[in-house]
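What follows is a set of notes on a single structure, which appears directly below.
Chain identifiers are assigned alphabetically (A, B, ...) following the order of the sequence lines, protein sequences preceding nucleic acid strands; residue numbering begins at 1 within each chain.
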Protein chains: 2
Amino acid sequence: MKITHKGDYALKAVLDLAVHYDEGVVTIQAIAKRIDAPSKFLEQVLLELKRGGFIESRRGKIGGYMLSKPPQDITLGEIIRFVDGPLEPIACVNKGYADCHDLHTCVFRPVWQKVFQATSAIVDHVTFETLAREVKASENIPTYSI
Amino acid sequence: MKITHKGDYALKAVLDLAVHYDEGVVTIQAIAKRIDAPSKFLEQVLLELKRGGFIESRRGKIGGYMLSKPPQDITLGEIIRFVDGPLEPIACVNKGYADCHDLHTCVFRPVWQKVFQATSAIVDHVTFETLAREVKASENIPTYSI
DNA sequence: TCTAAAGTATATAAAATCAATAGACATAAT
DNA sequence: ATTATGTCTATTGATTTTATATACTTTAGA
């Protein structure tokens, strides 16, 4: 698994919407500013997430985005897979991979399978409800940083 | 972690050298043919592995490559890291990452840490001795495939 | 000594992916 | 109407990945 900037933005955007889930729609600009992403690039990411059914939008003057489902029904894993592709470290983990010279005797494959399964196990049971709660908790703690 | 073709070639080349560990040096051409890699590209990969201290070479007419250490002393993890870079799914897992807007409150970071640790735990304890033995075992089994 | 077979080194090109920007358009509140 | 928003498509620039090309060095053996 490799998280690109695009994937990173997508995850942070969904998290932002999760944090503001009870407050109606949120604009691209507001999200972009908070997650420190280029707004035009974020635009495309949000559009993609919308087409994937993860978020909904409202157009017009007081438009913006909101989650299609409550935060507890969205996992980190689904967003990553959707935006950055499969979690497998190499394509041969899926059957039907034509480039592998000898699929049956490839001794690396079981290792990649294990990595894939361990990764999935982690990201597929982290929900945005959990993450949003952590954000809110840390926001309430004064930092006293310089 | 993402395995590129280059990384894939490197792993298969090291495995090939592990399988033939007791037979002296092996030529680039022989490796290239067996692992199905472009020989000129493999050349660069082998050179890199040599500079990394993983393999040694002998020049001249009956030249070739061999492992610097016995197969049981080389892990999958070290080769991957050396050729394809860090195992972390995203750079922010390492401290000192400048792009993360708020490192202290980034709630994704612990997740990436877990993925990184799970991945490391798997690939760092697979040695090429184990893999080579598996290859040899499967080579002795008739396949009866068409 | 000559030649052939092998590794060494650097440069370049081709292709793919990633990241970002630009500009025209559609929608809806006021 | 105006303004603030989302929608859509195209394009550009940068980087990485993959591969090829070319010249050079080394060594065994005839």
Side-chain angles (χ1 to χ4, degrees), chain A residues 1-13 16-17 24-33 35-68 80 82-86 89-91 99, chain B residues 1-13 16-17 20 23-33 35-68 80 82-86 89-91 99:
Chain A
M1 175 177 59
K2 190 184 148 218
I3 311 295
T4 65
H5 279 202
K6 185 178 167 189
D8 189 41
Y9 294 151
L11 293 172
K12 288 176 176 169
D16 195 72
L17 293 176
V25 298
V26 181
T27 68
I28 295 177
Q29 297 304 326
I31 300 173
K33 190 177 178 187
I35 74 175
D36 197 32
S39 63
K40 290 297 283 181
F41 189 36
L42 185 61
E43 236 181 66
Q44 297 174 50
V45 177
L46 292 174
L47 236 6
E48 209 172 310
L49 287 172
K50 186 191 172 183
R51 295 192 184 111
F54 300 102
I55 63 181
E56 290 170 2
S57 64
R58 176 173 168 179
R59 299 174 70 154
K61 188 149 186 181
I62 55 167
Y65 286 95
M66 61 178 297
L67 296 182
S68 301
I80 299 173
F82 181 73
V83 176
D84 275 340
I90 193 171
D99 292 350
Chain B
M1 176 177 59
K2 190 186 147 215
I3 312 295
T4 65
H5 278 203
K6 184 177 168 190
D8 191 40
Y9 293 151
L11 294 172
K12 287 176 176 169
D16 195 71
L17 293 176
H20 300 92
E23 306 167 24
V25 298
V26 181
T27 68
I28 294 176
Q29 298 304 325
I31 300 173
K33 189 177 179 186
I35 75 176
D36 198 32
S39 64
K40 290 298 283 181
F41 189 38
L42 185 60
E43 239 181 62
Q44 298 174 50
V45 178
L46 291 174
L47 235 5
E48 209 171 309
L49 287 170
K50 186 191 174 186
R51 296 193 183 110
F54 300 102
I55 64 180
E56 289 170 2
S57 64
R58 174 172 168 180
R59 298 175 71 155
K61 188 148 186 179
I62 56 168
Y65 287 93
M66 61 177 298
L67 297 182
S68 300
I80 299 173
F82 181 74
V83 177
D84 276 340
I90 192 171
D99 292 350

Length of the [atom1]-[atom2] vector between [X] and [N], whole Å:
| X | N | atom1 | atom2 | answer |
| --- | --- | --- | --- | --- |
| Lys61(B) | dA5(C) | NZ | P | 6 Å |
| Gln29(B) | dA6(C) | CD | C1' | 9 Å |
| Ile31(B) | dG7(C) | CD1 | C1' | 12 Å |
| Arg59(B) | dA9(C) | CZ | P | 7 Å |
| Leu17(B) | dG7(C) | CG | P | 11 Å |
| Gln44(A) | dA22(C) | CD | P | 13 Å |
| Glu43(A) | dT21(C) | CD | C1' | 10 Å |
| Tyr65(A) | dT27(C) | OH | P | 14 Å |

Open item on the list: Reading DNA chain D in the 5' to 3' direction, which nucleotide is the first one with an atom under 4.0 Å from a heavy atom of chain B, and which is the last?
Closed with: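 Footprint of chain B along DNA chain D, 5' to 3': dT18(D) to dA28(D).
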
Kindly give the heavy-atom pair with the smallest separation between [X] and [Y], and that separation in Å.
| X | Y | answer |
| --- | --- | --- |
| Gly24(A) | Met66(A) | O-CB, 4.5 Å |
| Phe82(A) | Gly52(A) | CZ-CA, 3.4 Å |
| Tyr65(B) | Ile55(B) | CD2-CD1, 3.5 Å |

Open item on the list: Going by side chain to side chain donor-acceptor pair (under 3.5 Å), name the pairs with one or both residues in residues 45-58 of chain A, residues two or more places apart or in two chains.
Closed with: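 Qualifying pairs: Lys6(A)-Glu48(A), Lys50(A)-Ser57(A).
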
TODO: Answer yes or no: does a side-chain N or O of Thr27(B) lie under 4.0 Å from OP1 or OP2 of dG7(C)?
DONE: no

- [ ] Indicate yes or no: does Lys12(B) engage Asp8(B) in a salt bridge with an N to O separation below 4.0 Å.
- [x] yes

Task: Nucleic acid contacts - residues 46-55 of chain A versus DNA chain C, non-hydrogen atoms under 4.0 Å - done: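 Of all residues in residues 46-55 of chain A, none places a heavy atom under 4.0 Å from DNA chain C.
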
Open item on the list: With rounding to the nearest 0.5 angstrom, report the OG1 to CG distance, Thr4(A) to Asp84(A).
Closed with: 3.5 Å

Task: Distance, nearest 0.5 Å, that separates NZ of Lys2(B) from CD1 of Ile90(A) - done: 10.0 Å

Open item on the list: Assuming nearest nucleotide by heavy-atom distance, tell me which of Ile62(A) and Lys40(A) is located more 5' along DNA chain D.
Closed with: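 Its nearest nucleotide lies further toward 5', so the answer is Ile62(A).
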
Task: Earlier contact from the 5' end, DNA chain D, for Ser57(A) and Lys2(A) - done: Ser57(A)

TODO: Give a yes or no on whether the backbone of Phe54(B) and the side-chain of Ser68(B) come within a donor-acceptor separation of less than 3.5 Å.
DONE: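 Yes; at least one donor-acceptor contact below 3.5 Å.
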
Open item on the list: Between Phe41(A) and Gly60(A), which residue's closest nucleotide on DNA chain C lies nearer the 5′ terminus?
Closed with: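 Here Phe41(A) is the residue nearer the 5' end.
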
Open item on the list: Pick the closest DNA chain C nucleotide for Lys6(A) and for Ile28(B) by heavy atoms, then say which residue is nearer the 5' end.
Closed with: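 With Lys6(A) and Ile28(B) compared, the 5'-side residue is Ile28(B).
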
- [ ] For Leu42(B) and Gln44(B), run side-chain contact (heavy atoms from CB on, under 4.5 Å): C-alpha distance rounded to whole Å, both residues' side-chain angles, the deciding distance at 0.1 Å, then the answer.
- [x] CA-CA 5 Å; Leu42(B) 185 60; Gln44(B) 298 174 50; over 6 Å; no

